[in-house]
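A note on names: the letters A, B, ... follow the listed sequences, proteins ahead of strands, and every chain is numbered from 1. Computation of the quantities below employed the complete heavy-atom set of this structure, encompassing side-chain atoms and omitting hydrogens, waters and symmetry-equivalent molecules.
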Amino acid sequence: MINAVQITSDNFPIYLAVVFSLLGAILYCAAGAAARRVDEDAEPTATEPSSVSRWARFCCYGAAGSFSFALLYLLMQILSRARYDLSYVYGYSSPHDETIYRVSALWAGQEGSMLLWLTLCAWAAVLIAARTRDRMRFAVSFYMLTVAVFGVVLLISDPFARTPDFRPGMVGSGLNPLLQNPWVAIHPPVIFLGYVALMVPIAFVVDAVLRRRCGEWASVALPWTVFGWVCLGTGIAMGMVWSYEVLGWGGYWGWDPVENASLVPWLISCALIHGLLVQRRTGRLMLANRALAVSLFVSIIYAAFLTRSGVLSELSVHSFGDGGAYTYWNSVMAVVVLVGLAIVVLRCRGGKSDTAPRNLTSADKLVVLGVVGLVLFSIAVLVGTSLPLVTQTVIKPRFYNHLAAPIALLVVLLTTALAFTRRRLTAASQLAHSGVALLLIGAIFSAGAKSAGVSLDKNGPSAKAFGYSFSYKGRRAEGAGREVAQFTAKKDGRQFDVPIVTRFAEGRAVRFPYVRQRIISDLYVAPVEIGSATITPTASVREEGWVALPAELPGTEATVTIQGMQVEQNMVKLKYQPVEGEPSVVEAFKGRPVEVDGLTLEVMRLIIVSSKDMSGVTAGADIAVSGGNIKETAVIDVSVKPLVSLVWLGLLLITVGGIMAAANRIREGSRGRDWDSTH
Amino acid sequence: MTKWATIAGVVLVAAFGVLGFVELMQSQIPYVTSVSDVKAAPGKTMQFMGAIEHNSVKFDAQDNMLAFDLRDEAGQKLSVSYHGVKPANFDSAPRAVVTGEFADSAFVAKQLMTSCPSKYQGK
């Protein structure tokens with residue numbers, strides 16, 4: 001069942017944008033059909049725009065304007081720190097977050113990111129119309145139709161929905177601290193930019209099929225494909241840096257379904273770039289490239305479906321909570337696949353190519369083999385990612401690693417072989433290809449990293465791992481909601497600090513790994529457990545009196561018990577049961593340690609959490625206990641990862657080479673080569 | 001296309017297809033969502049997802065061993081022990097996915113994962 005949302009003054013622009021997109025799609029289609037009747041066989045010329053064309057363009061700008069308005073409006077609501085009555089603002093931002101993370105809250109959630117994606121799409125439609133000088137009207141029509149179809153998702157899950165049971169004074173709990181990192185803050189817009197550009201080639205294919213000029217689209221689609229490919233690749237790379245430096249998974253790539261979902265379009269677009277280049281040179285591979293452009297589109301929609309419909313995060317059959325959007329995504333997927341198949345299978349008449357078909361040179365054949373390799377691997381990733389949805393099984397990462405190896409070898413061999421042919425690669429292409437080689441070498445070496453757990457006592461003896469000797473110096477609070485656990489590492493007589501940062505949000509701790517990046521190898525220290533001598537009693541504020549709270553102090557031989565607590569302003573009252581004798585009440589203030597029975601209690605942090613369903617307010621505190629016979633221990637997981645630097649260098653070269661190539665292709669297109677070369 | 005390129009292509013595709021199929025068969029682990037199914041097949045490697053019972057989490061620093069309970073949708077609990085790094089967002093994650101096998105009375109996890117933080121939805 002689809003629950004359509006009500007039109008409010010907030011979400012009105014979204015309705016307007018969807019209507020504009022749909023009208024634009026229809027009008028562009030009408031204008032395209034009219035133009036096709038006029039110059040069935042004539043050269044496409046820049047004729048006086050008809051009134052239909054003018055209205056079509058008006059709708060195109062209208063959609064882009066309305067989406068932009070809605071997006072900026074949502075951003076203003078987040079920045080204003082006053083509209084926590086909006087569920088999205090409440091869920092992803094707080095008045096305390098730094099400004100850049102309040103901006104990135106705009107795309108941290110489902111609804112906001114969809115709005116951003118569609119805004120970019122709508123502007124891409126404007127750009128397609130402008131760059132093709134309104135001659136490829138079916139392309140604009142198809143693209144705007146896509147925008148309208150996905151715009152409906154925003155009508156189902158409304159970015160401007162109200163916070164349930166909102167009471168004045170309530171504020172949001174802020175962006176997930178793991179997402180408060182510059183890399184991940186800009187990662188979604190970059191990825192979206194890639195998706196937006198990579199959805200364009202299919203629009204040109206549709207246009208070419210409908211206008212019966214089947215060879216024409218290769219040159220026009222190439223700049224979009226290269227640009228989209230480099231954006232998507234850069235976005236994925238940013239996600240890799242983030243997961244390496246922040247998540248503490250210990251790696252930069254985990255063959256996670258969400259990662260795979262974005263890798264498939266990247267691989268296919270890479271194949272399409274190469275296919276289009278061969279098509280431009282030789283006039284061959286036309287059917288293959290059409291199929292690639294369509295698969296690219298389908299893979300992007302599929303990626304969106306996987307990450308947005310909730311199939312992956314739950315992976316269990318029963319847990320599609322928000323049924324409306326899921327059903328809609330499902331039906332859209334089915335239609336997209338069918339339409340895509342139809343486009344490929346439809347015989348393209350008037351299949352004249354840019355140039356008369358020529359035989360493939362040996363360099364071309366190498367490129368074609370590479371394309372085959374990329375397609376094979378993308379199919380493997382797709383199967384590995386999708387199979388769990390059908391069979392209730394899980395695919396181990398070794399599946400991908402074992403299949404990636406031969407393809408990586410093939411790519412390196414082909415690139416090397418290409419150097420022995422007469423084909424001269426551009427500087428951009430050389431950079432990108434050497435980047436791929438470095439990336440693969442780095443990936444192979446760093447995959448073999450081993451890790452070891454190290455357990456340390458505060459100020460106790462040091463412990464060795466991988467030639468480093470580690471010791472633990474204790475924790476200190478650093479401003480609000482931040483704590484640093486200080487370790488030191490010593491190797492070859494040189495000592496350096498290893499700080500492990502913890503951030504607190506919503507009453508929970510998030511710890512970040514420490515990474516010491518060097519050219520030969522990285523030292524990667526992931527926190528396992530730190531400061532086990534912390535007790536975190538919590539209680540509902542509504543309840544009166546002492547709350548029975550047997551919070552045991554860890555690390556003590558005898559059991560010391562906190563029997564209850566009360567939280568008052570800036571202070572925690574604890575009913576403290578020593579090993580012997582009567583319980584006593586201790587008033588612990590923040591930043592002012594108190595001594596009880598030879599132990600020092602210090603309130604590290606007060607937690608006041610208002611639960612989102614408004615059932616009550618929970619208060620608690622993190623209380624550090626030291627002294628006596630309590631040992632403060634920390635456990636870290638240490639690994640030395642060789643040649644991760646090559647992975648980053650490789651990604652950098654691919655990005656730089658890609659940007660150069662995209663700039664070249666875009667310039668080429670702007671000079672009108674799109675057109676000159678077609679006739 | 002000349003003969004050698006066609007042959008190379010066909011061989012490549014066929015070899016990769018066979019490799020892919022073999023790997024796929026060997027890399028599949030059953031994904032189980034109910035505790036009774038886990039307990040029904042001791043000693044078999046499988047993956048299980050459940051809600052983390054945060055007040056059950058215990059950590060033994062001496063052995064570097066993490067122990068906690070996961071609850072399935074029917075409310076049944078499964079004790080899990082895990083030797084290794086606790087994911088950074090474990091304490092704030094609503095659910096965890098464990099891969100390993102059921103032995104004696106507890107699930108011995110070789111791998112512990114929490115859902116990606118960007119996938120959390122404000123509810």
Side-chain angles (χ1 to χ4, degrees), chain A residues 87 90-92 108-110 176 178-179 184 246-250 256 258 307 312-313 315-318 360 365 368-369 372-373 376 380 383-384 387-388 391-396 398-399 402-403 406-407 410 451 453 455 505-506 508-513 526-529 532 612 633 635 637, chain B residues 1-2 4-6 8-9 12-13 15-17 19-34 45-47 49 54 58-66 72-73 83-93 95 97 99 111 113-123:
Chain A
S87 174
Y90 181 75
Y92 296 100
Q110 181 94 280
N176 185 326
L178 282 170
L179 298 179
V184 77
V246 174
L247 277 191
W249 288 347
D256 170 273
V258 176
T307 44
L312 284 180
S313 56
L315 246 180
S316 134
V317 202
H318 313 285
L360 299 178
K365 284 173 200 155
V368 171
L369 265 183
V372 172
L376 285 179
V383 169
L387 204 63
T391 58
Q392 287 289 301
T393 54
V394 180
I395 307 294
K396 285 192 254 178
R398 55 161 261 182
F399 168 72
H402 286 190
L403 291 185
I407 298 296
L410 177 78
S451 70
S455 182
E506 277 201 72
R508 275 165 189 158
V510 177
R511 297 212 161 87
F512 297 95
V528 180
E529 190 73 16
S532 47
K612 282 186 180 161
T633 55
V635 182
D637 187 83
Chain B
M1 273 226 212
T2 45
W4 72 263
T6 318
L12 183 84
V13 172
F16 192 80
L19 178 69
F21 185 75
V22 171
E23 283 292 332
L24 198 60
M25 289 301 109
Q26 290 178 356
S27 310
Q28 276 184 304
I29 309 171
Y31 189 92
V32 178
T33 48
S34 104
T45 301
M46 55 178 76
Q47 187 160 344
M49 182 183 75
H54 279 284
K58 282 199 173 65
F59 184 75
D60 183 345
Q62 237 63 48
D63 302 331
N64 195 4
M65 189 66 94
L66 184 69
D72 70 4
E73 277 179 4
H83 185 87
V85 188
K86 187 161 93 175
N89 54 341
F90 184 81
D91 291 323
S92 55
R95 280 176 298 275
V97 177
T99 312
Q111 206 185 13
M113 285 185 299
T114 50
S115 24
C116 179
S118 59
K119 295 292 157 303
Y120 291 177
Q121 287 295 307
K123 283 223 175 102

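- No part of B/Val32 comes within reach of chain A, as not one of its non-hydrogen atoms sits under 4.5 angstrom from that chain.
- Looking only at heavy-atom pairs under 4.5 Å with chain A, the residue among B/Ala15, B/Ser27, B/Gly20, B/Gly17 that has the most is B/Ser27.
- A pairwise comparison of heavy atoms in B/Leu19 and A/Pro406 identifies CD2-CG, 3.8 Å as the closest pair.
- Counting heavy-atom pairs closer than 4.5 Å to chain B, the top-ranked of the candidates A/Ile395, A/Leu369, A/Val372, A/Leu376 is A/Leu376.
- Note: B/Leu24 CG to A/His402 NE2 = 13.5 Å, rounded to the nearest 0.5 Å.
- At least one side-chain heavy atom of B/Ile29 sits less than 4.5 Å from a side-chain heavy atom of A/Lys396.
- Nearest approach of A/Leu403 to B/Phe16, heavy atoms of both residues: O-CE1, 3.6 Å.
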